[in-house]
Engineer: 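One structure, as structure tokens, below. Some questions next.
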2 protein chains.
Amino acid sequence: METRLFQTLLEQRACSDCVLKPMCKPAIVKPDELERMSDHVLPRRSLGAGERLYARGQPVRSLFVSQAGVFKTETLASDGKLQVLGFHFPGELMGLEAIGGRRFRADAFALEPAVICEIPLTALETAASRQPEFQHHLLQAAGSCLADQQDHVELLAMRQADERVALFLVGMLERAERLAGKEEASIHLAMGRTDLASYLCLTIETVSRTFSALRDAGILGVQGRHLAVLDRQRLLGMAKGDAAKGAKRA
Amino acid sequence: METRLFQTLLEQRACSDCVLKPMCKPAIVKPDELERMSDHVLPRRSLGAGERLYARGQPVRSLFVSQAGVFKTETLASDGKLQVLGFHFPGELMGLEAIGGRRFRADAFALEPAVICEIPLTALETAASRQPEFQHHLLQAAGSCLADQQDHVELLAMRQADERVALFLVGMLERAERLAGKEEASIHLAMGRTDLASYLCLTIETVSRTFSALRDAGILGVQGRHLAVLDRQRLLGMAKGDAAKGAKRA
DNA sequence: CGGACCCTTGACGACTTTCAACGTGTGTGG
DNA sequence: CCACACACGTTGAAAGTCGTCAAGGGTCCG
């Protein structure tokens with residue numbers, strides 16, 4: 001059950017035993033450094049759905065890696081509306097964008113019950129100094145965060161709503177498959193339509209209509225937040241901007 | 001003249017003498033490390049307007065900092081169209097998003113005659129290992145890149161074309177003022193309407209019309225790429241999404 | 001049972017895109 | 001020197017898509 005996994009994740013203190021080590025982006029290399037690292041990583045915390053991990057404006061003292069559960073980060077855009085900046089899956093680093101300005105620029109919320117690994121910046125930097133390979137990993141993790149953000153911009157560059165949604169779903173599918181290690185035919189969305197719409201820069205109505213169109217076209221099965229990928233090929237096609245009209249057949 | 005400055009920038013080999021040191025984001029801290037760093041930084045190159053600095057798919061061996069001249073980075077979006085991801089001013093780090101995947105994900109072009117400082121990754125990492133403060137700076141630079149990308153997303157989240165353009169102009173103004181160290185009343189755009197439109201995810205026609213509307217509203221003076229900020233207050237207001245209608249007075 | 005929340009669906013209008021034409025400046029070649 | 005092509009920017013009119021406003025259904029919970 002989920003509770004079992006949660007218990008396991010919470011009890012683990014040592015990074016060397018971490019279930020997520022293989023996919024932990026800031027993964028540490030040498031065993032002895034792992035030990036040292038463990039001493040500094042704070043005890044794992046669990047968060048309930050909707051709970052806030054950190055808040056905009058707080059000084060950054062730690063970075064975070066989700067062990068279980070999807071997170072969202074959102075910021076107050078210049079027009080005063082909330083803007084979802086990203087969704088963060090287990091193993092993905094959070095908070096890095098804050099260290100440029102020393103304070104968090106966004107709020108982070110758990111979308112589901114979650115377990116979080118908190119790494120103090122001081123521990124991160126001393127570990128990086130001691131161990132060039134870890135430093136290298138850290139830089140790579142930063143680069144990956146940047147790449148993710150660029151993907152978000154690319155997503156927003158898709159003009160048509162259905163293309164945007166399709167590209168988003170393909171991305172979610174890939175992430176889920178990377179975590180599961182196998183092909184998936186269904187997607188469970190951790191976020192509601194509101195967060196989804198904000199991330200895609202669309203209204204919830206448009207998102208809902210697009211899902212319905214994909215359903216009517218036989219591409220997707222839609223039951224609330226649970227989606228079934230019925231025609232992977234056509235979904236991929238839409239994500240590439242092929243089928244301008246959602247329901248149009250090839 | 002510009003040529004004089006170019007000559008100066010090209011002749012400088014030592015980071016310690018660098019004119020841009022105060023604003024070089026990956027600025028190095030201690031003098032002796034500066035010396036060592038200089039030995040590894042490649043001789044500065046100059047690029048003509050439109051010349052390519054690096055290409056998508058190339059393996060990353062160096063990061064780059066513009067010494068003079070604005071650059072653009074653009075990628076091939078999944079729909080096959082070119083998408084401008086960012087504009088990079090002197091002192092800003094380029095290429096970091098590539099190191100996550102070991103290859104450049106974008107092309108970088110000089111928009112004007114430019115001088116570039118090339119820092120091999122190996123030099124970067126050894127310097128960071130030796131000197132914790134430099135490592136800290138490097139991480140901060142990475143964070144700043146990430147923050148810039150988030151700003152881009154925030155920009156794209158502005159629904160109305162005039163709000164997007166206004167927010168972009170405010171950003172350009174701020175960057176120019178940071179470089180100049182004083183308030184500016186005019187903006188010289190290094191990029192053409194096509195790159196601008198791509199960055200803003202609008203068509204060039206819409207960008208052009210928006211500029212015209214801002215001109216007619218008495219907010220902006222427009223002469224091709226040269227803009228005069230006539231009503232700073234109202235421009236800021238639009239960037240915050242206040243005036244939904246561009247020409248509407250307060 | 002009522003209410004809150006989330007998601008869906010419909011109709012209308014506004015905005016941007018698209019298509020098209022025009023003007024300007026620059027560089028090339030006659 | 002002029003003609004011409006070409007790139008770039010502007011403007012106009014028409015069409016399409018998404019946002020807005022509004023209403024309704026479903027589920028969960030008190």
Engineer: Tell me the interatomic distance from A:I204, atom CD1, to C:dT9, atom P, rounded to whole angstroms.
Structural biologist: 13 Å
Engineer: Check for me whether B:K72 meets the cation-pi criterion with B:F87, that is, NZ or CZ under 6.0 Å from the six-membered ring centre and within 45 degrees of the ring axis.
Structural biologist: no
Engineer: Kindly indicate, with the supporting measurements, whether the criterion side chain to side chain contact (heavy atoms under 4.5 Å, CB included) is fulfilled by B:F168 and B:L196.
Structural biologist: CA-CA 9 Å; B:F168 170 78; B:L196 195 42; 3.1 Å; yes
Engineer: For A:L227 and C:dC7, give me the distance from atom CG to atom P, rounded to whole Å.
Structural biologist: 11 Å
Engineer: In terms of heavy-atom contacts, does CZ of A:R232 have more than 12 from other residues, nucleotides or ligands at under 6.0 Å?
Structural biologist: yes
Engineer: Verify the contact: side-chain N or O of A:R225 to OP1 or OP2 of C:dC7, cut-off strictly under 4.0 Å; return yes or no.
Structural biologist: yes
Engineer: Taking atom types as modelled, is there a side-chain donor on B:E118 or B:S62 under 3.5 Å from an acceptor on the other?
Structural biologist: yes
Engineer: Is the shortest side-chain N/O distance from A:Q160 to OP1 or OP2 of D:dC18 below 4.0 Å?
Structural biologist: yes
Engineer: Separation of B:L220 atom CG from D:dG9 atom C1', in whole Å?
Structural biologist: 15 Å
Engineer: Under 4.0 Å between any heavy atoms, over every strand shown, what does A:R215 touch: base, sugar-phosphate, or nothing? Just pick one.
Structural biologist: sugar-phosphate
Engineer: Counting only non-hydrogen atoms, which of residues 185-200 of chain A are less than 4.0 Å from DNA chain D?
Structural biologist: none
Engineer: Just by protein heavy atoms under 4.0 Å, how would nucleotides 20-30 of chain D read 5' to 3' in B, S and -?
Structural biologist: BB---------
Engineer: Is the closest side-chain donor-acceptor distance between A:R209 and A:S212 under 3.5 Å?
Structural biologist: no
Engineer: If you measure from CZ on A:R159 to CZ on A:R164, what distance do you get to the nearest 0.5 Å?
Structural biologist: 9.0 Å
Engineer: Could you check whether any side-chain heavy atom of B:T75 comes within less than 4.5 Å of a side-chain heavy atom of B:L82, counting everything from C-beta outward?
Structural biologist: no
Engineer: For A:Y54 and A:F104, take the angle between the two ring planes, folded into 0 to 90°, and tell me which bin it lands in: parallel under 30, tilted 30 to 60, perpendicular over 60.
Structural biologist: parallel
Engineer: Can you find a pair of side-chain heavy atoms, one from B:M172 and one from B:L227, that are under 4.5 Å apart?
Structural biologist: no
Engineer: Calculate the interatomic distance between B:K81 atom NZ and C:dT17 atom P; express it in whole Å.
Structural biologist: 11 Å
Engineer: Between C1' on D:dC18 and CD on A:E163, what's the gap in Å once rounded to a whole number?
Structural biologist: 14 Å
